[in-house]
Number of protein chains: 2
Amino acid sequence: MSAQLIEHIRSRTSVDDKDAAAILSFFKRVKLSKKESLLDNGTVCRSHYFVLKGCLRMFFITEKGVEQTTQFAIENWWLSDYMSFQTQSASEFSIQAVEKTEMMVIDFQAQEKLMADFPAMDKYFRMVYQKAYAAAQKRVKYMYEHSKEEQYHLFNESFPEFTQRIPQYLLASYLGFTPEYLSEIRKKTFLKPV
Amino acid sequence: MSAQLIEHIRSRTSVDDKDAAAILSFFKRVKLSKKESLLDNGTVCRSHYFVLKGCLRMFFITEKGVEQTTQFAIENWWLSDYMSFQTQSASEFSIQAVEKTEMMVIDFQAQEKLMADFPAMDKYFRMVYQKAYAAAQKRVKYMYEHSKEEQYHLFNESFPEFTQRIPQYLLASYLGFTPEYLSEIRKKTFLKPV
DNA sequence: CGGATCGTTGATCAACTTCAACGGTCGTGG
DNA sequence: CCACGACCGTTGAAGTTGATCAACGATCCG
């Protein structure tokens with residue numbers, strides 16, 4: 001499974017076997033059990049996480065004390081609070097494992113050195129960030145374009161397996177509405193299927 | 001003013017004078033008058049835009065035929081529909097000048113060659129994208145965290161000069177509500193100032 | 001078996017939209 | 001340089017969407 005990260009890197013830039021080993025030595029392998037925490041808001045997000053298996057979620061606490069999920073990361077996705085990571089300042093987010101999760105982890109300093117030593121890694125992360133940013137642009141469009149009910153249906157259609165995988169209250173939290181409203185939508189959907 | 005882009009690059013990575021000239025040769029300087037178009041939805045976003053002076057906005061057309069603004073770019077910001085740019089596929093967005101605007105422009109192929117020729121530019125764009133993505137994460141948090149009225153006040157406090165600079169209907173469009181509602185908010189604010 | 005967690009229901013309420021109409025202002029053509 | 005039309009901001013009434021609150025049943029897990 002350690003091959004998984006190198007494969008991901010090699011899908012975006014070329015790295016010979018010698019470099020591959022050296023690059024991997026910058027990372028630690030970490031396992032989390034369900035609901036275990038990786039980052040608590042108010043602390044600095046010192047690391048960058050690559051999910052090998054399982055699922056992470058990033059969230060913040062609203063004024064009312066509710067956990068508002070803003071992102072999930074599943075297999076082959078990178079996750080961090082980039083504002084905190086980049087400036088090594090206090091994070092407004094927390095990160096937790098949704099289920100039992102295995103990751104490759106690299107600290108801020110180590111990632112800086114990794115890119116300094118291997119310019120190919122600048123290219124790799126450039127591509128990772130560019131793709132993530134493109135997805136973020138599209139997501140903002142979705143948020144403007146669709147009502148919450150539509151967002152629920154679209155999410156279900158786009159990621160049917162993922163909807164099964166996580167509890168409904170987390171999905172409601174991610175989509176930005178209440179579990180009660182999700183119930184209402186589901187009832188409607190069930191009564192008059194398309 | 002051509003120095004402006006190189007300065008921006010040099011604030012993130014080091015480039016000697018010889019390389020600086022070579023790098024700049026990949027870009028074209030372009031001027032737009034107010035309301036002129038750079039990209040129309042349905043066409044491929046072939047270029048990446050760096051604003052020297054002025055202001056661009058990115059928007060899409062909703063089902064109801066309304067222009068929904070999703071982003072602005074002012075001095076020293078990069079803008080593109082990255083999904084379209086990256087995959088050279090049809091864009092769902094349009095880009096227009098809000099006011100008279102000058103830009104440095106680079107095409108997709110040129111940018112690929114630029115980065116291949118100058119690995120420092122991988123680093124530069126890596127940093128540009130990382131910062132943009134961090135801002136996007138924070139923006140999504142804001143959208144979840146605050147009511148539309150709060151978003152208006154926060155935007156005003158964060159970018160007071162920018163609020164003056166653009167027409168109100170564009171601000172309403174960016175914040176995702178109607179000009180009518182913006183009027184209502186302003187009336188309330190005016191009647192009972194903090 | 002017992003308690004916490006999760007999903008559901010229904011009633012009420014707040015935030016924001018829609019629509020129609022009006023006054024001011026800005027820029028453009030004559 | 002003036003007049004006219006288009007565009008912009010504003011108002012108010014009525015309508016929707018989604019939140020809130022309280023309560024209940026089911027299920028999971030120890």
Side-chain angles (χ1 to χ4, degrees), chain A residues 33-36 55 57 59-69 96-100 142-156 162-193, chain B residues 33-37 55 57 59-69 96-100 140 142-156 162-193:
Chain A
S33 48
K34 189 174 175 173
K35 300 214 172 176
E36 209 170 337
C55 179
R57 74 181 177 110
F59 63 94
F60 68 93
I61 311 290
T62 66
E63 282 184 351
K64 293 170 191 158
V66 177
E67 290 184 0
Q68 173 66 56
T69 302
Q96 262 187 14
V98 173
E99 48 193 48
K100 193 178 150 196
Y142 262 64
M143 290 173 76
Y144 280 129
E145 193 170 19
H146 303 292
S147 71
K148 305 214 160 175
E149 181 172 355
E150 284 171 336
Q151 287 183 49
Y152 168 75
H153 293 305
L154 288 166
F155 189 91
N156 267 351
F162 188 66
T163 304
Q164 302 308 321
R165 194 166 153 184
I166 58 168
Q168 290 190 24
Y169 70 94
L170 277 189
L171 182 54
S173 169
Y174 174 75
L175 292 174
F177 51 72
T178 58
E180 290 93 331
Y181 189 56
L182 178 52
S183 262
E184 202 179 318
I185 295 172
R186 284 165 56 86
K187 185 168 61 168
K188 266 197 284 184
T189 310
F190 197 68
L191 291 178
K192 36 171 177 172
Chain B
S33 49
K34 189 173 174 173
K35 302 215 171 173
E36 209 170 336
S37 253
C55 179
R57 74 181 178 111
F59 62 95
F60 67 94
I61 311 289
T62 65
E63 282 184 352
K64 293 171 190 157
V66 177
E67 292 184 359
Q68 172 66 56
T69 302
Q96 262 188 13
V98 172
E99 48 193 51
K100 194 178 149 195
V140 169
Y142 261 65
M143 290 174 77
Y144 280 131
E145 192 170 21
H146 302 292
S147 70
K148 305 211 161 175
E149 182 173 354
E150 284 171 335
Q151 287 183 50
Y152 168 74
H153 291 306
L154 288 166
F155 190 91
N156 267 351
F162 188 66
T163 305
Q164 302 309 320
R165 195 165 153 186
I166 60 168
Q168 290 191 23
Y169 70 94
L170 277 189
L171 182 54
S173 168
Y174 173 74
L175 292 173
F177 50 73
T178 58
E180 291 94 330
Y181 189 57
L182 177 52
S183 263
E184 202 179 316
I185 295 173
R186 285 165 56 86
K187 186 167 59 166
K188 267 197 283 184
T189 311
F190 197 67
L191 291 178
K192 36 172 180 175

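Chain letters run A, B, ... following the sequence lines, proteins first, then strands; residues in each count from 1.
Within the model, atoms CG of L171(A) and CG of N156(A) stand 6.5 Å from one another, a figure rounded to the nearest 0.5 Å. Here the CD1 atom belonging to I185(B) is positioned 7.5 Å from the OG atom belonging to S147(B), to the nearest 0.5 angstrom. Here L170(B) contributes atom CG and L182(B) contributes atom CG; the two are 11.0 Å apart, rounded to the nearest 0.5 Å.
When the nearest nucleotides of DNA chain C are assigned to K148(B) and K34(B) by heavy-atom distance, the more 5′-ward of the two goes with K148(B). Comparing K35(B) and E184(B) against DNA chain D, the residue whose closest nucleotide sits nearer the 5' end is K35(B).
Taking five base pairs at each end of the helix from dC1(C)-dG30(D) to dG30(C)-dC1(D), the local helix axes there meet at an angle of 50°, rounded to 10°.
We find that CD of E149(B) is positioned 12 Å from C1' of dA14(C), with the value rounded to whole Å. Rounded to whole Å, atom C1' of dT17(D) lies 14 Å from atom NE2 of H153(A). Between the C1' atom of dT8(C) and the CG atom of L182(A) lies a distance of 11 Å, rounded to the nearest Å. Remark: C1' of dC7(D) and CG of L170(B) are 13 Å apart, rounded to the nearest angstrom. Rounded to a whole Å, the CD atom of E63(B) is 11 Å from the P atom of dT18(C). Following rounding to the nearest Å, H146(B) (NE2) and dA14(C) (C1') show an atom-to-atom distance of 19 Å. Atom-to-atom, CD1 of I185(B) to P of dC16(C) comes out at 7 Å; the value is rounded to the nearest Å. Between L175(B) atom CG and dC16(C) atom P there is a gap of 11 Å when expressed in whole angstrom units.
Of the listed nucleotides (dG7(C), dG10(C), dT10(D)), dG7(C) has the atom at the smallest distance from the side chain of Q168(A). For T178(A), whose side chain is taken as the heavy atoms from C-beta onward, the closest listed nucleotide among dC8(D), dC16(C), dT20(D) is dT20(D). Distance from the side chain of P179(B) is smallest for dT10(D) among the nucleotides dT10(D), dG12(D), dT18(C). Counting only heavy atoms from C-beta on, F177(B) has its side chain closest to dC16(C) among dC16(C), dT20(D), dG9(D).
Counting only N and O atoms by type, the side chains of S183(A) and E180(A) include no donor and acceptor under 3.5 Å apart.
For dG7(C), neither phosphate oxygen OP1 nor OP2 lies less than 4.0 angstrom from any side-chain nitrogen or oxygen of R186(A). Residue K64(A) places at least one side-chain N or O under 4.0 Å from the OP1 or OP2 atom of dT20(D). Residue K187(A) places at least one side-chain N or O under 4.0 Å from the OP1 or OP2 atom of dG10(C).
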I would like to know whether R186(B) and E149(B) meet salt bridge (Lys or Arg N to Asp or Glu O under 4.0 Å); could you show each step before the answer? CA-CA 9 Å; R186(B) 285 165 56 86; E149(B) 182 173 354; over 6 Å; no
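In summary, the aromatic rings of Y174(B) and F155(B) are positioned with their centroids under 6.0 Å apart.
Across all non-hydrogen atoms, the minimal contact from Y144(A) to G176(B) is CE2-CA, 3.6 Å.
Within 4.0 Å of Y181(B), counting heavy atoms only, lies at least one base atom of the nucleic acid. As judged by a 4.0 angstrom heavy-atom cut-off over every strand, E180(B) is placed among the base-contacting residues. Contact annotation for S183(A): base contact, defined as any heavy-atom pair under 4.0 Å involving a base atom.
Salt bridge E99(A)/R165(A): present, at least one basic N to carboxylate O contact under 4.0 Å.
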